[in-house]
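As a basis for the values below, the full set of heavy atoms in this structure was taken, side chains included, without hydrogen atoms, waters or symmetry mates. Worth saying up front: this structure is predicted, and the values here are computed from it rather than measured.
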Amino acid sequence: MGESTAARATAGLSVWLAAGGPAPPRLPLAFESFLYLRPEHQALQASAAPVLSLYVEDAAAGVSVAQLHVSFEAETGTARSPAQAPFGAVQLAPGVGTAAVHLLLDAAEAHLTGLGLRRLALRGYPFAYDPAGAATLAEALRQRGYRVALAEQNYHLDPARDYEAHLHASERRRLHKCRRHGLHVEQEPPFLLPAAYEFIRACRQERGQHLSLSLERVQALFKHFPREHFLFSVRQPDGEWAALTVAIRVSETALYNFYPASPLRCNAFSPVVLLNEGLHAFARASALTVLDLGTSTLDTGPNASLLRFKRHLGGVAGLRLSWEKELG
């Protein structure tokens with residue numbers, strides 16, 4: 001593993017860079033890492049490209065206060081974070097300012113430029129996960145000349161709010177219909193993953209959509225991170241599935257509804273409304289503050305019907321940004 005320490009420091013901070021990553025920090029993090037930024041998760045992200053890991057260290061406090069993992073391909077001249085995950089980019093400890101971001105990206109951009117990379121792309125986390133940190137990162141990137149390559153609406157539910165009370169009247173009627181017909185939410189055991197994956201794949205295929213991960217990759221994630229991955233379903237009275245999702249505990253505060261799916265034959269019930277009630281209850285019982293419903297973006301632009309559905313669920317609109325910068 002190639003290692004170096006940035007020569008320049010800001011207010012007692014310095015950068016440690018591991019060119020043969022993904023690498024864990026030398027000094028413990030002063031914050032809980034988002035799941036996707038953990039080196040163990042980075043190692044599972046489907047990419048044969050090298051990974052550069054960088055940490056901003058506060059030697060006096062004995063902690064790391066920022067992290068970034070970048071995957072890069074010399075052939076295309078592009079570096080990106082994440083390699084393959086819902087988001088990557090820079091995560092900061094509470095109270096850390098833009099100076100630390102500049103220090104981190106000075107080191108990252110210089111190293112990548114030295115390798116002949118020409119572009120750096122960063123996909124940020126939803127602002128709801130850490131509003132102050134997301135705003136600090138956005139301001140630092142603006143100052144550095146990054147352009148916003150994609151701005152997306154990201155919806156989430158607040159588990160502290162009553163779920164049913166904040167549903168649109170039409171969705172409340174569907175929720176009551178599910179209950180009247182005996183549909184119910186279950187947390188499924190991981191050994192049902194192959195069958196669940198095929199159910200989700202078939203539901204997505206009916207709607208002309210595809211899954212971003214293979215079954216093998218999903219199984220690997222459940223195996224390596226069993227406390228962060230969950231399988232929830234809505235079952236009919238006869239035991240058949242009416243809806244399924246993979247839920248991911250991304251941090252100590254956020255649960256992500258990653259792969260919600262329901263077959264067209266169940267449209268009259270809209271069992272995903274009941275499924276989200278189950279996730280909402282799980283998030284509340286787990287003392288989480290964000291149930292992330294994700295973005296609603298198609299290749300052609302925003303998915304208007306999905307955005308409307310998330311609003312009808314009582315979803316709170318937020319922002320998620322992706323940035324790009326030409327290096328050199």
Side-chain angles (χ1 to χ4, degrees), residues 35-36 41 44-46 82 84-87 126 152 154-157 171 174-175 178 181-250 254-283 291-299 303 305-310 312-313 315:
L35 174 64
Y36 311 133
H41 196 284
L44 289 178
Q45 293 182 23
Q84 187 189 39
F87 62 79
E152 300 173 281
N154 194 95
Y155 279 84
H156 72 277
L157 299 178
E171 305 306 336
R174 294 184 177 99
L175 179 64
C178 285
H181 286 81
L183 277 70
H184 58 281
V185 176
E186 292 192 10
Q187 185 175 341
E188 303 286 0
F191 72 79
L192 290 179
L193 260 178
Y197 182 91
E198 177 55 30
F199 177 92
I200 294 170
R201 187 202 62 77
C203 292
R204 294 291 181 96
Q205 190 173 50
E206 282 185 324
R207 291 170 166 78
Q209 303 166 351
H210 67 280
L211 295 178
S212 56
L213 302 178
S214 67
L215 170 60
E216 292 72 25
R217 173 74 191 286
V218 175
Q219 288 176 313
L221 291 170
F222 270 78
K223 177 183 177 181
H224 286 86
F225 303 101
R227 298 178 61 186
E228 287 83 12
H229 290 81
F230 309 93
L231 192 60
F232 285 92
S233 75
V234 171
R235 286 188 181 265
Q236 301 168 181
D238 62 5
E240 290 295 312
W241 281 325
L244 269 169
T245 194
V246 171
I248 304 173
R249 194 200 305 261
V250 182
L255 183 71
Y256 178 32
N257 186 1
F258 180 47
Y259 267 169
S262 179
L264 293 176
R265 63 176 173 78
C266 292
N267 274 4
F269 291 95
S270 195
V272 172
V273 180
L274 179 60
L275 183 64
N276 276 292
E277 182 182 50
L279 293 177
H280 183 278
F282 177 82
L291 172 53
D292 184 5
L293 303 179
T295 59
S296 308
T297 306
L298 300 171
D299 291 340
N303 185 333
S305 62
L306 190 53
L307 284 171
R308 183 170 58 252
F309 176 66
K310 291 176 180 179
H312 283 185
L313 289 178

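Contact annotation: the side chain of Val250 approaches that of Phe87 to within less than 4.5 Å [non-hydrogen atoms, C-beta and beyond]. Between Leu264 and Arg207 the shortest side-chain heavy-atom distance falls below 4.5 Å. By the 4.5 Å heavy-atom criterion applied to side chains, Tyr259 and Cys203 are not counted as neighbours. Contact check for His156 versus Pro126: no side-chain heavy atoms found under the 4.5 Å cut-off. Residues Tyr155 and Leu313 form no side-chain contact, since every pair of their non-hydrogen atoms from C-beta on lies 4.5 Å or further apart. Within the 4.5 Å cutoff, no side-chain heavy atoms of Glu186 are placed close to those of Phe232. His184 has its side chain within reach of Arg235: a pair of non-hydrogen atoms, C-beta onward, lies under 4.5 Å apart.
To the nearest 0.5 Å, atom CG of residue Leu279 and atom CG of residue Leu291 are 5.5 Å apart. Atoms CG and CG, on Leu293 and Leu307 in that order, are 11.0 Å from each other to the nearest 0.5 Å. The structure places CG of Leu193 at 10.0 Å from CD of Glu188, a figure rounded to the nearest 0.5 Å. Expressed to the nearest 0.5 Å, how far CG of Asp292 lies from CD1 of Ile248 amounts to 10.0 Å. The line from OG of Ser212 to CZ of Arg204 is 8.0 Å long, rounded to the nearest 0.5 Å. Note: Leu244 CG to Glu198 CD = 11.5 Å, rounded to the nearest 0.5 Å.
Residue Lys310 comes nearest to Gly294 through the heavy atom pair NZ-O, 3.2 Å, listed as atom of the first residue, atom of the second, then distance. The nearest pair of heavy atoms linking Phe269 to Cys178 is O-SG, 3.3 Å. Of all non-hydrogen atoms in Val234 and Pro271, the two that sit nearest each other are CG2-O, 3.6 Å. Scanning all heavy atoms of the two residues, the minimum distance from Thr245 to Pro260 falls at OG1-N, 3.1 Å. Among all heavy-atom pairs drawn from Pro263 and Glu206, the shortest one is CA-OE1, 3.4 Å. Considering every non-hydrogen atom in both Ala283 and Leu255, the closest pair reads CB-CD2, 4.4 Å.
Within the structure, every pair that satisfies the salt bridge (Lys or Arg N to Asp or Glu O under 4.0 Å) test and touches residues 265-277, not counting sequence neighbours, is listed here: Arg179-Glu277.
Looking only at distances, no side-chain donor or acceptor of Thr295 sits under 3.5 Å from a matching main-chain atom of Asn154. Side-chain atoms of Arg217 come within 3.5 Å of backbone N or O of Leu44 as a donor-acceptor pair. In this structure, the side chain of Gln84 does not engage the main chain of Leu213 through any donor-acceptor pair within 3.5 Å.
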Can you list the steps and then say if Phe199 with Ser233 is a side-chain contact (heavy atoms from CB on, under 4.5 Å)? CA-CA 11 Å; Phe199 177 92; Ser233 75; over 6 Å; no
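Looking at Tyr197 and Ser214, their side chains never bring a donor and an acceptor atom within 3.5 Å of each other.
Under the ring pair (Phe, Tyr, Trp, His ring centres under 6.0 Å) criterion, His280 pairs with Tyr163, not counting sequence neighbours.
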Show the atom names and distances, to 0.1 Å, of all donor-acceptor pairs under 3.5 Å that link a side chain in residues 218-231 to residues at least two apart or in another chain.
| from | atom 1 | to | atom 2 | distance (Å) |
| --- | --- | --- | --- | --- |
| His224 | ND1 | Ala220 | O | 2.9 |
| Glu228 | OE2 | Arg38 | NH2 | 3.3 |
| His229 | ND1 | Phe225 | O | 3.1 |

